[in-house]
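Below you'll find the structure, written out as structure tokens, and then a few comments.
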Amino acid sequence: MSNKFNFITAGVCLMLLLACGPKENQPSQNRVAIIPTPVELTVNSGSICSNKLADLPQKVKISEKALLGRLNGQNLTDWQLKSAYWMEIGKRNVKIEAADEQGLFYARQSLKMMATLDSVVTCCTILDWPRFQYRGIMLDESRHYQGKAFVLKQLEMMALLKLNRFHFHLVDNPGWRMQIDAYPLLTQQTAWRPIPYFWDWEVNGIGGDFVEDGTPNAYGGYYTKQDIAEILAFANERHIEVIPEIEMPGHNYETRAAYPELACSLPDGGPSKRELCPGKESTYTFLENVLLEVFEVFPSQYIHMGLDEPFDFAVCPKCQERIANGETKAELFYKHILHTYDLAKSMGKTMMMWDDFFEYADVAERLPRDIIFCNWNYFFVADEPAGHWTNRIKKDWFRYYEELGFRYMFCTYAHRASSLYNLESFARYASKYNPFGSITTTWIRSDSFYLGAMPFMASAGQLLSGKISTDEEILKVYSEFVGEDCAKLLTSLSIATYFNGYNDFSACCESEYYVKYAYRKQLAYVVDELRKYESKADGLAKDILTDIYGYVYYIYLELELQNVGTRLYDGYETNSVPKAELIKGLQQIRAGYDEIEAK
């Protein structure tokens, strides 16, 4: 992938239009390059060179009364009014009216956006305000530590797109990323690992070894309190709230590695690989001490406590004794959530949590209603969206949460090209309900910092905001990025996304031969066509198509590799391994991987 815009998270792209309201008044022949699309946009006569836009005199009026006069009776909430602005761009000056400094900031970000995306800016009048109060991006720093400079760059891009919540995922199995003075071993012993890519580091889906700072080839690091203070100051200047996530009780492989006495003990005496023990008072002493330091640093009104995926929950003899005396695992989990909630509440914080807690899902009905659920689904949401790995059906969760009286977030995985079915199923489902906001999660670096998702995510945003609804309108959005012919190809695809488990040798030799054969043949055609489009494209379109081509080609090569594994397995069974043919196939696959890497 080229370096142009390569710092933009694909997650940002999903949010391109989540903040939008009704359709804009914009003639199609006079494009104004601005993301997200304003609530109202009227094209005026004339234009100005982008490099001269910053030099135009600005006539600024901070006045709620003046802005209300521009709304023509439209009712905004207090937080919307604070973010709203009216702006008129002319050949000789720029006029801005806002009720608050935040609205003025967003108006100037719009100017910056237009100057960035086009060499010539069309004169226009804009009236805009956000649709969602919470417009967030989550950055997973545990799996892939990026460092302060990278985070500041993400915040800069978030501000440009008027996103206002940065979800800082600091704690998870692959490493602890925040300085905690009361527990120095968290960073001394678990902030570095010997293998950068966490899928390769994890052993049996759990975790590998950690190393200390200074170990040759050590990967990782952590944020000092001074680092975080600088990040917070930078974010505050851009009207972005930074929300820390401290995972408990699951996703704590790193915590129990540093402090094994906090883990549940398995029947054989060994510690649980993931969970902290809900039956030990020391667990809550640890949690309270950690949160006290977190809250000293982060002024956010929110704290995200994870509380998801309790795989090995309550397995120690002490917890098992409680279960034998009549408590269920669900009851223990419910009490753990309440204990965590009470800690956060006592410190003046609103607790957020993921909602994928499997067989304990029914505890939701008993939880305090000021908890904010972050609704988590992987790749597809339809009428009966699939749940997590337990295959529990998560049917119509948004309706369920609204009936119970919870606020909830629409959370999606920022994942490469995926499929149009994925786009429509997520966006159409969410558009039927009233989420508090949206968080686009970026868990895997290779997936989340990816330009190929731009047309896909822009279409999702347009669908969610009600600006488009038909297949023809989706095709038009794609066409604006890559041209109509290529858009028809891309919107016809149904890209299945495999978990990494599908790539092991045993899976290569199992069933579904015909399905994989047909899929391979489809992708072979698509790869050839994308190669042609990519070679002729330039600018941003080339960057997008280079990424999509590399992603689709990679899936095709994975299937080809699986096919080689199947043929090798079958050949050994029949004692007729076509060695020369398989070696040639492997060489072609290797050449394909090299081509992708070179781009």
Side-chain angles (χ1 to χ4, degrees), residues 1-2 6 10 144 195-203 205 379 415-419 422 444-453 456 486 489-490 492-537 542-599:
M1 185 175 76
S2 78
N6 67 354
H144 297 287
I195 301 173
Y197 189 52
F198 82 96
W199 283 126
D200 296 333
W201 170 80
E202 285 193 337
V203 179
F379 300 111
H415 189 272
R416 298 195 171 193
S418 197
S419 71
N422 186 348
I444 303 176
R445 182 171 185 175
S446 59
D447 292 344
S448 302
F449 302 89
Y450 179 80
L451 283 173
F456 167 82
C486 186
L489 175 69
L490 294 178
S492 71
L493 294 179
S494 181
I495 303 296
T497 304
Y498 291 157
F499 285 111
N500 66 315
Y502 277 85
N503 298 328
D504 63 33
F505 185 80
S506 62
C508 297
C509 305
E510 291 176 355
S511 59
E512 304 174 357
Y513 174 81
Y514 178 75
V515 173
K516 291 180 180 179
Y517 172 81
Y519 193 30
R520 244 182 15 257
K521 290 299 183 182
Q522 178 203 24
L523 289 180
Y525 167 77
V526 172
V527 166
D528 287 341
E529 291 299 299
L530 284 174
R531 186 180 287 119
K532 297 173 188 176
Y533 287 121
E534 190 263 347
S535 66
K536 296 176 183 178
K542 187 173 185 68
D543 289 334
I544 291 171
L545 288 175
T546 296
D547 274 3
I548 294 176
Y549 168 71
Y551 175 56
V552 175
Y553 195 14
Y554 179 83
I555 294 175
Y556 171 74
L557 293 172
E558 289 286 292
L559 289 169
E560 281 291 283
L561 189 60
Q562 291 183 22
N563 184 47
V564 170
T566 301
R567 296 182 65 189
L568 182 62
Y569 183 84
D570 292 345
Y572 272 112
E573 283 193 330
T574 59
N575 201 27
S576 59
V577 177
K579 293 183 180 179
E581 186 178 342
L582 294 182
I583 289 172
K584 182 179 179 181
L586 288 172
Q587 289 172 337
Q588 291 173 340
I589 292 170
R590 174 60 185 269
Y593 285 134
D594 289 344
E595 180 188 348
I596 294 171
E597 185 66 25
K599 289 181 178 292

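These numbers come from the heavy atoms of this one structure, side chains and all, not from hydrogens, waters or symmetry mates. Keep in mind that what you see is a predicted model, and the values were worked out from it rather than measured.
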By side chain to side chain donor-acceptor pair (under 3.5 Å), Tyr593 pairs with (sequence neighbours left out) Glu558

According to side chain to side chain donor-acceptor pair (under 3.5 Å), who are the partners of Arg531, at least two apart in sequence or on a separate chain? Asp528, Tyr549

Can you name the closest pair of heavy atoms from Tyr525 and Leu489 and give their distance? CE2-CD1, 4.2 Å

Summary of salt bridge (charged side-chain N to carboxylate O under 4.0 Å, His left out) pairs that have at least one residue in residues 574-588, sequence neighbours excluded: Arg567-Glu581

Sequence neighbours left out, what passes side chain to side chain donor-acceptor pair (under 3.5 Å) with Lys532? Give chain and number order. Glu529

What pairs with Glu534 under salt bridge (Lys or Arg N to Asp or Glu O under 4.0 Å), at least two apart in sequence or on another chain? Lys542, Lys599

Can you tell me how far OH of Tyr554 sits from CD of Glu597, rounded to the nearest 0.5 angstrom? 11.0 Å

About how many Å separate CG of Leu561 and CD1 of Ile589, when rounded to the nearest 0.5 Å? 5.0 Å

Measuring from atom OG1 of Thr546 to atom OH of Tyr533, what distance do you get when rounded to the nearest 0.5 angstrom? 15.5 Å

Quick one: salt bridge (Lys or Arg N to Asp or Glu O under 4.0 Å) partners of Asp594, sequence neighbours excluded? Arg590

Just how far is it from atom CG of Asn563 to atom CG of Leu557, taken to the nearest 0.5 Å? 12.0 Å

Quick check for you: to the nearest 0.5 Å, what is the distance between Ile548 atom CD1 and Cys486 atom SG? 6.5 Å

Heavy-atom closest pair (Ile596 atom, Gly550 atom, distance to 0.1 Å) is CD1-O, 3.6 Å

Value rounded to 0.5 Å, distance of OH in Tyr553 from CG in Leu530: 12.0 Å

